[in-house]
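Heads up: the structure comes next, in structure tokens.
Residue numbers start at 1 and run along the sequence shown. No hydrogens, no waters, no symmetry mates; every other heavy atom, side chains included, goes into these values. This one's a predicted model, so the numbers in the text were calculated from it and none came from an experiment.
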Amino acid sequence: MPKTELSLIVLLVIIVFHVQFCTSTDTISFNKSLKDGDLLISSGKSFALGFFSPGNNSNNRYVGVWYNNVPELTVVWVANRENPINGTYGVLSIDPKGNLVILNRNTKIFSWKITNISSAQLLDSGNFVLFRDPKRAVIVWQSFDYPTNTILPNMKFGNDKKTGLNRSLTSWKSMDDPGSGEYLYKVEINGIVPQVFLYKNFNRIWRTGPWTGLGWSGVPEMKPGFIFTINYVNNESEVSVTFSMKEPVLSRLVLNESGMMNILNWQEGGKKWVQFWSAPKDSCDDYVHCGKFSNCNLYNLGEFECKCLIGYEPRDNRSWYLRDGSHGCLRKKDENLCKNGEGFAKLSNVKVPDTYIARLNRSIGLQECEKLCLNNCSCTAYASANVSIGGIGCITWYGDLIDTREFTDGGQDLYIRVSASTLAQFLKNNGHHRKRTIAIVTVCISAMLIALSFACCLVIRKRRRGGGVHLNPLCRKFTLYKQDKEDQFTSLNTLKRNLASYENSSRCNEMDGSEQVDVLIFDLSTIISSTDDFSDANKLGEGGFGSVYKGQLNNGQEIAVKRLSKNSGQGVEEFKNEVTLIARVQHRNLVRLLGCCIQRGEKMLIYEYLPNKGLDSFIFDKTKGSQLDWRKRFEIIVGIARGLSYLHHDSRVRIIHRDLKASNVLLDASMHPKISDFGTARIFGGDQIEANTNRVVGTYGYMSPEYAMEGHFSVKSDVFSFGVLLLEIITGRKNTTHYQDLSLNLVGNVWDSWNDDKALDVVDPSLGDWYETSEVLRCIQIGLLCVQSYANERPMMSEVVFMLCNETKLPNPGQPGFVFRSRNSSSLPYSSSASIGTSVNEISITTQHAR
């Protein structure tokens with residue numbers, strides 16, 4: 001054969017082979033393996049399967065499934081999560097025994113242990129399935145039965161009662177390691193009514209509650225009109241849940257590395273994943289946060305979120321009123337509950353208690369359910385098993401009632417067994433099962449604090465014989481606690497009984513007709529004793545508000561006392577603001593207010609004591625800064641972001657902090673961050689997102705340009721402050737640090753380093769090389785996005801939390817505000833030639849600037 005013809009034939013064979021090799025396919029068979037670099041593409045091109053390396057710092061290779069048409073790598077399933085391949089020599093193939101295996105240089109790394117497989121196929125649902133028969137009629141194994149950290153639409157989640165298979169989620173260890181992490185999300189069928197639990201290291205941390213017929217009892221967002229269609233199955237064969245989208249949008253439910261359940265939807269316009277729902281959200285979501293026979297409600301304005309169920313009282317009064325509900329409640333001693341005329345008090349909009357010791361009768365309605373519970377003296381409560389079909393089905397509880405919480409909307413009705421006398425009082429106070437109204441702080445506090453003429457609104461005074469309280473008529477709707485020598489303080493009912501012997505007791509009776517705000521009032525003598533008469537040895541810090549002292553109550557409880565300076569011209573307004581604001585919010589990343597003291601001209605706020613003081617005392621100290629490795633700093637950053645996001649988006653009222661800075665972030669014993677100092681915060685109503693002021697308050701270096709220069713503030717003002725704080729945590733330097741060579745502050749220095757591709761040069765040297773490069777760079781980029789000059793270009797805090805907790809493509813940051821301090825910088829947006837002052841207080845300060 002002529003050489004030319006031979007060459008053409010060889011070339012043709014090569015072309016045919018190359019075309020055949022590159023043609024996308026969705027199937028692996030005996031004669032077709034998948035090497036590292038090749039892909040299976042589902043028939044509709046929705047998903048891809050192949051080898052990948054997670055994150056930016058891992059050299060390990062895994063076989064996984066990810067979205068094919070999403071620009072960023074979004075992995076939804078991993079085959080060999082515990083058996084990675086080191087190097088790019090992996091092959092996925094079917095061996096001679098018909099077993100699907102992952103090989104590395106002919107060494108078996110992972111096996112499906114299912115023989116006689118004829119082919120494996122990636123479906124357009126994202127499901128990777130194995131077949132034995134050539135016609136692919138029977139699936140012998142599927143990835144949907146063995147999820148990793150993601151649930152996709154139409155994918156079953158739950159238990160197969162016949163095989164014992166439990167389709168559950170396990171978080172990744174980190175963004176660089178898809179191995180099984182410490183969080184587990186699964187359906188439990190140990191009790192008679194299935195529930196879903198979130199575990200951390202095999203300890204329950206969140207519970208959905210039982211299925212109500214419309215959704216999970218503890219997920220109020222899941223109701224008619226929800227963006228998903230939920231299909232719940234509970235029969236002899238299985239307990240499972242699937243979801244499908246009502247709109248044609250990519251969606252997934254993910255258990256991330258930090259233990260958060262997130263529903264994420266793909267936003268095509270923004271080319272990013274957007275968080276639609278998440279859990280757990282707040283302290284009431286913590287499993288058994290309030291102990292037994294209690295109810296958790298974040299909307300108890302000014303009160304402790306934990307409250308005993310009707311007919312019960314705190315097991316430990318001191319712990320309870322110091323806002324530790326873990327001891328729970330117990331039945332009142334005078335409650336006679338065995339066929340003595342008792343009945344049931346209705347609690348609406350709740351996540352019903354854990355159903356582990358409950359019983360289920362599917363055939364009876366609510367009236368029969370009441371009779372069933374009433375005839376058994378051990379029955380403590382009942383509820384409908386299915387609210388969607390007129391209350392058919394009955395759940396009854398026997399023994400402890402745990403992990404109950406109340407919502408403003410959603411949940412279901414729970415009927416609690418109470419004595420005849422308690423029921424009569426309950427009906428009198430609530431009408432025919434009237435919903436509880438949310439308490440509102442009354443004008444009394446404002447009147448007391450605004451002017452001296454109203455300073456006598458509440459006067460606590462001791463009498464020669466016994467302690468008494470004089471209640472001014474202006475304060476009829478204000479609940480006042482008196483200090484008690486034995487118990488530190490007494491309840492509202494005890495206070496009213498004490499007042500009954502005084503001539504003004506009739507005024508107190510007028511309080512009975514409305515909801516109260518319970519504000520714990522400490523006696524001045526107790527505060528003086530606990531702080532050793534405000535000794536310098538107990539002083540934690542000093543600022544424009546006054547001083548902060550450490551104290552210890554007689555029961556051993558440590559407290560932080562924020563004492564308003566009598567000479568402070570600004571403190572009265574801030575004191576009033578902080579009392580009314582912090583009583584409205586409850587979050588694990590916000591400092592907890594225990595009470596206040598207003599006596600003999602003193603105005604003091606009593607907080608939980610946080611032993612590690614302010615974040616600034618760590619990150620700006622070369623010695624102590626080494627105690628915060630990168631993992632701890634990242635956790636602090638995420639915690640601050642979540643607390644701020646809660647204030648902006650998730651709390652009952654939208655709150656703008658206006659003075660977020662390192663010294664206003666306190667650290668507890670476990671170094672968890674808690675945002676403090678709400679003296680300058682502002683509440684926004686309804687859909688309000690911005691406002692103007694002629695009184696600019698805050699701290700230079702953290703204030704956004706539009707706020708410092710124009711008095712315009714919004715949620716984006718706090719975002720700017722957060723961005724500055726984030727960069728300070730990464731660098732270990734204050735934003736007000738002066739850089740002689742470039743005349744830049746810290747933000748400007750980071751900005752220049754970022755543009756020069758030298759961003760890692762700004763990282764705190766005390767971290768050494770012990771940090772994840774990709775994570776640090778991501779945080780720097782997020783910080784620069786937050787400090788952009790124009791407010792509308794900055795992300796919302798909810799987006800910041802998402803960007804921190806998820807690997808998603810980030811936009812490029814624009815010019816930061818307040819970069820240059822030289823006069824030549826005036827052409828830059830919101831650049832400043834003013835000297836930026838520093839803060840002098842370590843605990844809590846507020847710098848005012850008159851306009």
Side-chain angles (χ1 to χ4, degrees), residues 74-78 144 147-153 155-159 166-175 178 180-188 194-211 215-223 226-228 230 232 239-245 250-266 273-289 351 354 403 405 407 410-411 587-589 635 638-639 641-642 645-646 649-650 798-799 801-808:
T74 305
V75 178
V76 299
W77 179 75
V78 184
F144 271 18
T148 48
N149 71 333
T150 302
I151 298 175
L152 295 173
M155 175 178 176
K156 283 186 178 181
F157 172 73
N159 299 65
N166 191 336
R167 306 176 188 91
S168 58
L169 299 185
T170 307
S171 65
W172 287 20
K173 287 183 179 179
S174 70
M175 290 185 292
S180 298
E182 58 185 352
Y183 295 97
L184 172 67
Y185 185 64
K186 70 173 183 176
V187 175
E188 287 280 10
Q195 303 175 104
V196 185
F197 284 92
L198 177 63
Y199 291 82
K200 180 179 181 181
N201 296 325
F202 304 105
N203 296 313
R204 291 173 173 176
I205 61 174
W206 179 63
R207 179 181 67 96
T208 62
W211 185 262
W216 298 113
S217 176
V219 185
E221 302 91 341
M222 192 180 295
K223 54 188 177 181
F226 200 51
I227 191 172
F228 306 133
I230 310 295
Y232 174 78
V239 175
S240 65
V241 181
T242 58
F243 78 90
S244 58
M245 299 298 299
L250 299 181
S251 184
R252 58 195 173 105
L253 188 151
V254 181
L255 172 58
N256 68 23
E257 302 80 39
S258 60
M260 291 294 293
M261 296 298 309
N262 295 307
I263 294 179
L264 305 170
N265 295 335
W266 178 253
W273 291 100
V274 178
Q275 180 176 291
F276 175 76
W277 172 84
S278 67
K281 293 181 179 178
D282 50 56
S283 56
C284 282
D285 274 339
D286 294 342
Y287 184 67
V288 201
H289 174 65
K351 176 172 72 172
D354 193 338
D403 197 40
R405 74 163 296 176
F407 305 105
H587 191 273
R588 68 187 69 186
N589 295 119
E635 290 174 359
V638 173
R642 284 178 173 164
S645 178
Y646 169 80
H649 308 292
D650 297 325
S798 56
E799 296 175 314
V801 172
F802 175 79
M803 290 189 289
L804 286 169
C805 298
N806 296 273
E807 283 195 43
T808 181

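Applying the salt bridge (Lys or Arg N to Asp or Glu O under 4.0 Å) test to Asp354 and every residue at least two apart in sequence or in another chain returns Arg204. Not counting sequence neighbours, the partners of His289 by the side chain to side chain donor-acceptor pair (under 3.5 Å) test are Glu305. Partners of Ser180 under the side chain to side chain donor-acceptor pair (under 3.5 Å) rule, at least two apart in sequence or in another chain, are Glu82. The ring-ring contact (aromatic ring centres under 6.0 Å, His included) search around Phe144 returns none, not counting sequence neighbours. Among residues two or more places apart in sequence or in another chain, the ring-ring contact (aromatic ring centres under 6.0 Å, His included) test is passed with Trp206 by none. When the salt bridge (Lys or Arg N to Asp or Glu O under 4.0 Å) test is applied to Glu257, no partner is found at least two apart in sequence or on another chain.
For the pair Trp216 and Trp211, the minimum side-chain heavy-atom distance is below 4.5 Å. Contact annotation: the side chain of Thr150 never approaches that of Trp77 to less than 4.5 Å [non-hydrogen atoms, C-beta and beyond]. Side-chain contact check for Phe197 versus Lys186: every heavy-atom pair is 4.5 Å or farther apart. Looking only at side-chain heavy atoms (C-beta outward), Leu184 and Ser168 come within less than 4.5 Å of each other. Using a 4.5 Å cut-off on side-chain heavy atoms (C-beta onward), Tyr232 and Val239 make contact.
Under the 6.0 Å distance and 45° angle rule, Lys281 does not count as a cation-pi partner of Tyr646. Both tests pass for Arg252 against the ring of Trp273: distance under 6.0 Å to the centre and angle within 45° of the axis.
Across every non-hydrogen atom of Ser645 and Val801, the tightest pair is CB-CG2, 3.9 Å. Across all non-hydrogen atoms, the minimal contact from Ser251 to Leu152 is O-CD2, 4.2 Å. In plain terms, the two heavy atoms of Leu255 and Leu169 that are nearest each other are CD2-O, 3.8 Å. When all heavy atoms of Gly259 and Leu198 are compared, the pair lying nearest together is O-CD2, 3.3 Å. The two atoms that bring Phe157 and Arg167 nearest to each other are CD1-O, 3.1 Å, heavy atoms only.
Using a cut-off of 4.0 Å between Lys/Arg side-chain N and Asp/Glu carboxylate O, Lys351 and Asp403 are scored as salt-bridged.
Between the OH atom in Tyr183 and the CG atom in Asn201 there is a gap of 7.5 Å [rounded to 0.5 Å]. One finds the CD1 atom of Ile263 at 9.0 Å from the CD1 atom of Ile151 (value rounded to the nearest 0.5 Å). Note that the CZ atom of Arg642 and the CD atom of Glu635 stand 10.0 Å from one another [nearest 0.5 Å]. Interatomic distance, CG of Asn203 versus CD1 of Ile205, reported as 9.0 Å (0.5 Å rounding).
When only modelled atom types and interatomic distance are considered, Ser258 and Asn256 share a side-chain donor-acceptor pair under 3.5 Å. Side-chain contact check for Asn149 and Ser171: no donor-acceptor pair (N or O, by modelled atom type) lies under 3.5 Å.
The backbone N or O of Thr808 sits nowhere less than 3.5 Å from a side-chain atom of Asn806 that would complete a donor-acceptor pair. In this structure a side-chain-to-backbone donor-acceptor pair under 3.5 Å is missing from Ser240 to Lys156. Under a 3.5 Å cut-off, the side chain of Arg207 and the backbone N or O of Tyr287 do not form any donor-acceptor pair. No donor-acceptor distance shorter than 3.5 angstrom exists from the side chain of Asn159 to the backbone of Asn166, with no hydrogens or angles considered.
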